[in-house]
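All remarks here apply to the structure that follows.
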Amino acid sequence: MDLKERQEPVFKYDTSYTQNRELSWLRFNERVLEEAEDGAVPHYARMKFEEISTSNLEEFFMVRVGSLFDLDRVKPDKRDNKSGMTASEQLLAVFDDVRNLYPKRDRIFHEVEELLNEQGIEHLRFEDIDPDTQRYYEQYFREQILPVLSPQIIDLHHPFPHLANKELLVGALLKHEHHVTLGMVPLAPSLPRFVLAPGNRMAYVLQEEIILAFIGSIFTNYPIIDCCVFSVTRNADINPDDEEVDVGEDYVTQMRKVLKKRKLLPPVRLEIETEGDSLIAPWLSRRLEIPMKQIYLSRAPLNLSYVYGLEDSFTQGQKQKLCYAPYEPVTGMERFGANPMLETIRKKDVLLSYPYEDFGIFLQVLREAVSAPEVVSIKITIYRVGHGHVKLMNYLILASELGKEVTVLLELKARFDEQNNMDWIDSLRDAGVHILYGFEGYKVHAKVCLITSHDEAGRVSFITYIGTGNFNAKTAHFYTDLGLLTADPGIGRDATVFFQNMGIANLRGHYERLLVAPVGLKPALLRMVDEEAGKAQRGEPCGIRLKMNSITDRELIDALVRASQAGVPIHMVVRGICCLVPGIPGVTDNIHIHSIVGRFLEHARVFAFGEGEKTKLYIASADWMTRNTENRVEVAAPVEDPSLRKQILDMLALQFADTQKGRAIGPDGCYHRIQPDTGIHAQNELMKQAHQLARIS
């Protein structure tokens, strides 16, 4: 049977210990918003958390809400196996939950903005600024903004246009002869989003606020009834493998068509920035054919991405007061001295812990491999290519130009990064790099790099890197991830087989040491969970410790519940979506789940089964989500070195003890503060420990 063929069972799931993934995600995003509410977080960092929560919700509508609409059209009776809800029932629940979120978002935004104002970071309200400053902005509007605007009214000669996804527009309800129509003004993308006031103070007005202030000089012939800023969010859940592929069409061309089509998908949300009720909302509801329940009014700016640019204008004193204190990760020189990295790894496994250690350590490994005469090939998986990949990609290109065999498995379907990935293709090809594009129907999400060497006697040796996060120097500064560098020949042979299988589209390859999805990972995880349950039943020491971003896989959830009922103590750190509800008496009361949201994005995946020296410990690229365990190529690697095992398990223990940024998930599926508050802040402690460990290593 094809891996994709699955029979839909009659609904028979016990939903007493599970919750809907979409509603769980919304609770998590509200947890992110609570960081913006936390007075212990620096004010500017709080505003960033507000932006993160806002952009998270935007992507949620594009992807998850969009996919629910698609599911409702195709399989309206299909029920979610964690909640028993149909797609339409989930959508209604989502819309209600989100409506409750907006007032909290607005309140926190204005509270934090007021705190920033007190520190000299002033978001000016146009009606409150002095006449001289108003004249400055009027001149700026007429000389800089107005010449590049493209206003439009809706009438017989100007039909309602396609509104681009996420585009900010200023709208004005206009009296037009004997009826009412709409005038629209898209923001000018070539101009800055915020405009600083004249003088030395850090004060600004947003571009859309300037346009609103002078909207009457744009639509001079029409009385204005109401005006606002609005934005449409569109369904962006296109799966390239669902698209019809033309005969003879190669995969890159197909992806380009998919990206173009994404811009034309139907709207799933309309946001309107307004201080009160909006007269424009019902007008847009009719024109966009979007129900009022999918329209959200906000008193805060709809898009907060401008927040990141404010810091460039801060004084040094403002940065010290309003931002996190700078953190410098452990460098390769600090930890390893001048010792060559390739030789260091050949003697002993190395564990890299980001962002506490510099991603430059891995880049140093790659740089040495490029120039080392004994290295004959470099093979690597690349999931997301961004600005943080420039050095890495240039090293790969140089290695190929120097005659080494270089293979890059480039995943073109990394959602919203497809274009970045494709932009590198020509450069890689021109250098002679062998490029693989993965599989139809399966994303390659594994994080693997294999360096193969031949010594003078012709003996083959390997250095393998298995990671939990992308090969990205930029995100390695604020994602917590782990990377194992090992010269273990067994893992090296498995990595060799892995890349060979990727080249021949073989998903069913056999591996001795690595656990590889979509075939080998999930059965191994189920087996190890069941082994711990067996130990508990025999009265033997047992335990399961897990860290991941999300857990939604029903089979794995059920296995953990069986283990809990057998008496296995299960401790989990789950950052985001958690469909497993812990703490239910007699069912999940042995399962304890914490979530950490802090300065860094918790991203590492760690799976530990057992106690003491016999603990089976893995780091992996996969969450316990069906999409990872069944629909992606993922890799988990065993950690064998005793000192590295202790380091990882100590990290898990510290994170589970975090009472500052940690929250416990309760039997209600919600986040709760941990009592008593021990004052433990895991990320702060790990920052200190990283430099301490470097000094004694």
Side-chain angles (χ1 to χ4, degrees), residues 27-57 101 103-123 202 300 304 307-308 310-311 314-329 354-356 477-480 547 549 573-576 593-604 651-666 670-692:
R27 286 171 178 161
F28 162 69
N29 201 46
E30 187 172 10
R31 166 72 187 97
V32 174
L33 188 59
E34 287 175 0
E35 284 300 292
E37 198 173 20
D38 188 344
V41 176
H43 298 338
Y44 180 58
R46 290 172 65 179
M47 188 61 84
K48 286 184 177 180
F49 277 112
E50 178 98 14
E51 192 284 330
I52 291 168
S53 177
T54 298
S55 59
N56 281 350
L57 189 63
L101 187 65
K104 183 173 184 177
R105 172 186 179 271
D106 292 346
R107 173 181 59 79
I108 295 173
F109 174 82
H110 289 293
E111 287 175 0
V112 177
E113 199 169 60
E114 182 58 34
L115 292 170
L116 290 172
N117 285 346
E118 293 172 3
Q119 297 298 324
I121 314 300
E122 300 178 76
H123 181 181
M202 174 60 203
L304 299 177
V307 165
Y308 292 98
L310 296 176
E311 188 176 359
F314 288 3
T315 65
Q316 194 59 40
Q318 287 171 330
K319 288 182 180 180
Q320 290 175 350
K321 286 183 178 179
L322 301 175
C323 304
Y324 285 118
Y327 174 71
E328 294 298 328
Y354 313 118
Y356 311 110
H477 283 294
F478 54 91
Y479 280 33
T480 73
K547 176 178 168 62
N549 298 325
V573 179
V574 181
R575 186 196 77 224
I593 304 178
H594 286 192
S595 172
I596 294 175
V597 177
R599 173 176 181 171
F600 304 126
L601 182 80
E602 293 294 335
H603 194 254
M651 176 200 73
L652 288 182
L654 178 64
Q655 291 178 331
F656 198 77
D658 189 327
T659 57
Q660 293 294 294
K661 295 304 173 186
R663 299 288 187 273
I665 298 180
C670 297
Y671 297 92
H672 303 274
R673 289 190 175 274
I674 301 166
Q675 299 297 334
D677 187 342
T678 60
I680 295 175
H681 188 308
Q683 291 184 355
N684 282 353
E685 187 61 30
L686 289 167
M687 282 191 280
K688 297 174 189 174
Q689 288 182 7
H691 289 277
Q692 292 168 355

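Worth knowing before you read on, the calculation uses all heavy atoms, side chains too, and leaves out hydrogens, waters and symmetry mates. Keep in mind that this is a model prediction, so the values were computed, not measured.
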Counting C-beta onward and ignoring hydrogens, is there a side-chain heavy-atom pair between Phe49 and Leu33 closer than 4.5 Å?
no
Side-chain heavy atoms of Cys670 within contact of Arg27, under 4.5 Å:
yes
For Tyr356 and Tyr327, take the angle between the two ring planes, folded into 0 to 90°, and tell me which bin it lands in: parallel under 30, tilted 30 to 60, perpendicular over 60.
perpendicular
Taking the side chain as C-beta and beyond, is there a heavy-atom pair between Ser595 and Val574 under 4.5 Å?
no
Is the shortest side-chain heavy-atom distance between Arg599 and Met687 below 4.5 Å?
yes
Shortest non-hydrogen contact from Asn549 toward Glu602:
OD1-O, 3.1 Å
On a heavy-atom basis, which atom in Pro42 and which in Leu322 lie closest, and how many Å separate them?
CB-O, 3.1 Å
Using atom types as modelled and distance alone, determine if a side-chain donor or acceptor of Thr659 lies under 3.5 Å from a backbone N or O of Asp677.
no
Using 0.5 Å steps for rounding, measure from the NE2 atom of His477 to the CG atom of Leu601.
15.0 Å
Aromatic plane relationship, Tyr44 with Phe314 - under 30° parallel, 30 to 60° tilted, over 60° perpendicular:
perpendicular
With salt bridge (Lys or Arg N to Asp or Glu O under 4.0 Å) as the rule and sequence neighbours excluded, what pairs involving residues 32-47 come up?
Arg31-Glu35, Glu34-Lys104, Glu35-Lys661, Glu37-Arg107, Asp38-Lys661
Give the intermediate values and the outcome of side chain to side chain donor-acceptor pair (under 3.5 Å) for residues Asp658 and Gln683.
CA-CA 9 Å; Asp658 189 327; Gln683 291 184 355; over 6 Å; no
In terms of heavy-atom contacts, Lys547 and Gln655 come closest through CD-OE1, 3.3 Å
